[in-house]
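Computed from a predicted structure; not experimentally measured. All chains are named by letter (A, B, ...) in the order of the sequence lines, taking the proteins before the strands, and each is independently numbered beginning at 1. Atom set for the values below is all heavy atoms of this structure, side chains included, hydrogens, waters and symmetry mates excluded.
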Protein chains: 2
Amino acid sequence: MLKELEKVKDSILIKGIKTQELSSMLGCLRGVIKKYDKGETVISEGDKLNKFGLLIEGKLQVVQYDYLGNKSVISVIEPKQIFGEAFAYVNKNSSLDVEAIEKSKVLFLDSDKLSTPCEHCCTFHKQLVKNLLFIISNKNVNLTQKIECMSKRTTKEKLLTFLSLESIKNNSKEFTILLDRQALADYLGVERSAMSAELSKLRKDGIIECEKNWFKLL
Amino acid sequence: MLKELEKVKDSILIKGIKTQELSSMLGCLRGVIKKYDKGETVISEGDKLNKFGLLIEGKLQVVQYDYLGNKSVISVIEPKQIFGEAFAYVNKNSSLDVEAIEKSKVLFLDSDKLSTPCEHCCTFHKQLVKNLLFIISNKNVNLTQKIECMSKRTTKEKLLTFLSLESIKNNSKEFTILLDRQALADYLGVERSAMSAELSKLRKDGIIECEKNWFKLL
DNA sequence: AAAAGTATGTTGGAAATCCAACAAGAGGAG
DNA sequence: CTCCTCTTGTTGGATTTCCAACATACTTTT
């Protein structure tokens with residue numbers, strides 16, 4: 001198990017923790033590794049979570065079924081990322097499903113053990129708590145920014161809000177983004193073709209320049 | 001200062017902490033109380049935060065200015081609620097403003113001191129960390145649900161998604177909501193009048209019953 | 001190099017939303 | 001009670017988005 005953990009030792013969750021501490025950490029947090037084949041369910045809607053997951057290898061998908069039963073993909077989990085922590089710490093049953101889309105290996109850690117340092121006050125606990133607070137707060141900031149974009153009424157405004165935020169993040173009027181057109185449209189909650197048309201208009205109106213993933217605000 | 005803190009001793013942040021521990025907590029977390037008059041700025045965009053706030057009395061507003069300079073209210077902070085914690089823990093400058101909309105009193109706590117238990121391993125630290133993780137995770141879940149609603153393409157779907165989630169929360173097909181029509185429209189990111197019309201249609205089609213803040217899914 | 005697949009841009013009609021203005025009802029203040 | 005304000009519902013035309021279909025360019029496969 002230790003060997004598995006070392007594969008992800010530069011993940012944000014365990015960043016700053018000494019290699020020699022990893023072993024006692026696994027014991028302290030009751031680490032368990034589980035393996036999933038492609039298509040298997042990792043977490044089901046309604047599950048009570050007292051552990052959260054750290055993906056060691058493979059790929060997972062967080063999905064949701066709406067009131068009509070339509071499936072939608074909320075996010076994709078890559079190795080070194082954690083998942084399920086929000087439900088674990090609100091003590092609420094999961095409202096999402098997590099499925100393996102590749103053969104995957106997951107390390108589960110006890111959420112309570114992490115937040116409650118043991119009697120020995122192990123030094124790694126401090127670091128873990130810091131790291132976890134960083135991860136969750138960061139998600140929070142990102143979700144808030146997404147909402148900021150989505151709450152604009154027109155596609156043009158959504159785009160400009162998004163691009164303006166990216167420009168600030170990159171500290172430059174020029175930048176590249178990670179999303180392709182379809183992913184950007186999904187992120188903003190609009191139609192890809194309509195967004196594409198709007199991008200063309202912004203370009204024609206001299207408000208932006210762009211090509212593929214590269215953008216420049218004028 | 002201790003007297004002020006006792007006013008909010010049933011806040012989620014300090015829930016479960018013994019009264020006799022509050023005093024040492026204030027010292028440990030370098031608590032500072034600041035007072036603001038109506039209209040004063042509590043946090044400015046760009047501020048580097050190493051403390052987060054716990055509102056003791058008054059009322060605050062979290063606002064944001066978009067790329068055109070338009071002001072929009074992100075949320076309202078009521079007594080016992082905390083604010084600024086996300087930016088404090090991601091070590092990122094605030095991208096939001098916080099303003100006092102009433103004469104207010106705020107207790108600031110050092111975010112680093114909270115996440116890094118002192119040598120004495122004070123028992124209240126454990127509880128604080130747990131409480132904080134709960135609060136932030138909870139915000140996370142709520143933001144995700146809001147995104148779930150907003151990402152639907154039509155007003156009808158947005159409404160039904162929202163109502164379906166409320167129904168689940170209340171564990172009943174019948175429930176009342178806290179938002180009035182305008183607030184609900186803002187939450188879903190649609191026009192109030194269009195939403196009102198859609199509600200009427202849903203009622204006419206026999207999909208829901210509603211009156212004011214009361215709803216029933218059929 | 002041909003073929004198949006993927007990403008992006010374009011377009012036109014159908015559908016939905018926005019916007020502004022007004023109507024109806026409830027509740028509060030004088 | 002009357003006046004005023006606030007909330008909610010209604011309506012119609014302007015605007016925007018959606019949707020489906022197709023064009024083009026670029027990649028990968030064979």
| task | Could you tell me the separation between the CZ atom of B/Arg203 and the C1' atom of D/dT10, rounded to a whole number of Å? | result | 12 Å
| Could you state the CD-P distance from A/Glu198 to C/dT8, rounded to the nearest angstrom? | 17 Å
| said: Distance check needed: C/dC18 P versus A/Arg153 CZ, whole Å only. | reply: 5 Å
| note | Between CZ of B/Arg181 and P of D/dT10 the distance, given in whole Å, is 11 Å
| OP1 or OP2 of C/dT17 sitting under 4.0 Å from any side-chain N/O of B/Thr155? | yes
| For the pair made of CG in A/Leu159 and P in C/dT8, what is the distance, rounded to whole Å? | 13 Å
| query | When you measure from the side chain of A/Ser167 to the backbone N and O of A/Leu163, does any donor-acceptor pair fall under 3.5 Å? | reply | no
| task | Determine, for B/Arg203 against B/Glu209, whether the closest basic-nitrogen to carboxylate-oxygen distance falls under 4.0 angstrom. | result | no
| query | Base, sugar-phosphate, or nothing for B/Thr154, non-hydrogen atoms under 4.0 angstrom? | reply | sugar-phosphate
| Euclidean distance, atom CD of residue B/Glu191 to atom P of D/dT8 [Å, nearest integer] | 14 Å
| task | Could you tell me whether the side chain of B/Asn213 reaches within less than 4.5 Å of the side chain of B/Leu178, counting heavy atoms only? | result | no
| Separation of atom CD in A/Gln182 from atom P in C/dG5, rounded to whole Å | 19 Å
| field | Among D/dT8, D/dT11, C/dG9, the one nearest B/Ala197 by side-chain distance | value | D/dT11
| Under 4.0 angstrom, heavy atoms only, what part of the nucleic acid is A/Glu157 near: base, sugar-phosphate, or nothing? | nothing
| field | Donor-acceptor pair present, A/Arg192 side chain and C/dG9 base, under 3.5 Å | value | yes
| message | Measuring only between side-chain heavy atoms, which start at C-beta, is B/Lys48 closer than 4.5 Å to B/Asn91? | response | yes
| task | May I have the distance from B/Asp186 (atom CG) to D/dT8 (atom P), rounded to whole angstrom? | result | 12 Å
| Start at the 5' end of DNA chain D and walk down; is the nucleotide closest to B/Ser193 or to A/Ser193 reached first? | B/Ser193
| field | Given DNA chain D, 5'-ward residue of the pair B/Ser200 and A/Lys201, judged by closest heavy atom | value | B/Ser200
| Residues A/Glu6 and A/Lys3 bridged, charged N to O under 4.0 Å | no
